[in-house]
Amino acid sequence: MARILSIDYGKKRTGIAVTDPMQIVAGGLVTVCTSELLDYIDNYIKKEQVEKIVVGEPKQTNGIPSENMERVVGFIKQLKALHPEIPIELYDERFTSSIAHKAMIEGGLHKKARQNKALVDKISATIILEDYLESIRNKEKR
């Protein structure tokens, strides 16, 4: 099997998470400057087998796409052009930042560490990927 990559796309920074090759565990990989994102992903795919890319779908709490959706759509078009062989799925990312902050508090991180937006983005990408994996497992059980 190959890995699944998850992206929490942001205007300035983007969090990336990835599964193990067996697609059992999700882990935070890195946070990169969004301007360097396509290059980072391209280089990663050249080193590791990636079966699918899951991109956080930015929605407001009422389900309406957020202002970041336009940027996400543009990014996905560029990524598909770069790697048309890899399927890309959007996955609802609502509340991932607040869940990431809660996880950081529960993990005992001090206030200074919780203000590290790069860490929040990487954790958010991990949460998106964990939720995605769980949804796949639930579909398989039905």
*For the pair Glu89 (side chain) and Val55 (backbone), establish whether a donor and an acceptor sit closer than 3.5 Å, ignoring hydrogens and angles.*
no
*Got Pro21 and Met1 here, is their nearest side-chain heavy-atom distance under 4.5 Å?*
no
*Between Phe75 and Lys80, is any pair of side-chain heavy atoms under 4.5 Å apart?*
no
*Would you say the side chain of Lys59 lies within less than 4.5 Å of the side chain of Asp92, judging by non-hydrogen atoms?*
yes
*So, does Thr126 use its side chain to make a donor-acceptor pair with the main chain of Gly28 at under 3.5 Å?*
yes
_Would the distance check show the side chain of Asn68 and the main-chain N or O of Tyr9 forming a donor-acceptor pair, the cut-off being under 3.5 Å?_
yes
*Within the distance-only criterion (no hydrogens, no angle test), does the side chain of Asp42 pair as donor or acceptor with the backbone N or O of Leu38 below 3.5 angstrom?*
no
*asked:* With a 3.5 Å distance limit and no angle check, can you tell me whether Ser6 reaches the backbone of Ile16 through a side-chain donor-acceptor pair?
replied: no
*asked:* Tell me if the CD atom of Glu85 is crowded by more than 12 foreign heavy atoms within 6.0 Å.
replied: yes
*Can you name the closest pair of heavy atoms from Pro87 and Glu51 and give their distance?*
CD-O, 3.2 Å
*asked:* If I take atom OG from residue Ser124 and atom CD1 from residue Ile128, how far apart are they, to the nearest 0.5 angstrom?
replied: 6.5 Å
*Can you check whether Arg13's main-chain N or O pairs, donor with acceptor, with Thr34's side chain at less than 3.5 Å?*
yes
*asked:* Could you check whether any side-chain N or O of Asp20 sits under 3.5 Å from a backbone N or O of Val25, counting only pairs where one atom can act as donor and the other as acceptor?
replied: yes
*Any side-chain heavy-atom pair of Ile41 and Leu5 under 4.5 Å*: yes
*Rounded to the nearest 0.5 Å, what separation is found between the OH atom of Tyr40 and the CD1 atom of Ile7?*
10.5 Å
*Would you say Arg3's side chain and Thr19's backbone share a donor-acceptor pair under 3.5 angstrom?*
yes
*Any sub-3.5 Å donor-acceptor pair from Ser66's side-chain atoms to Gln60's backbone N or O?*
no
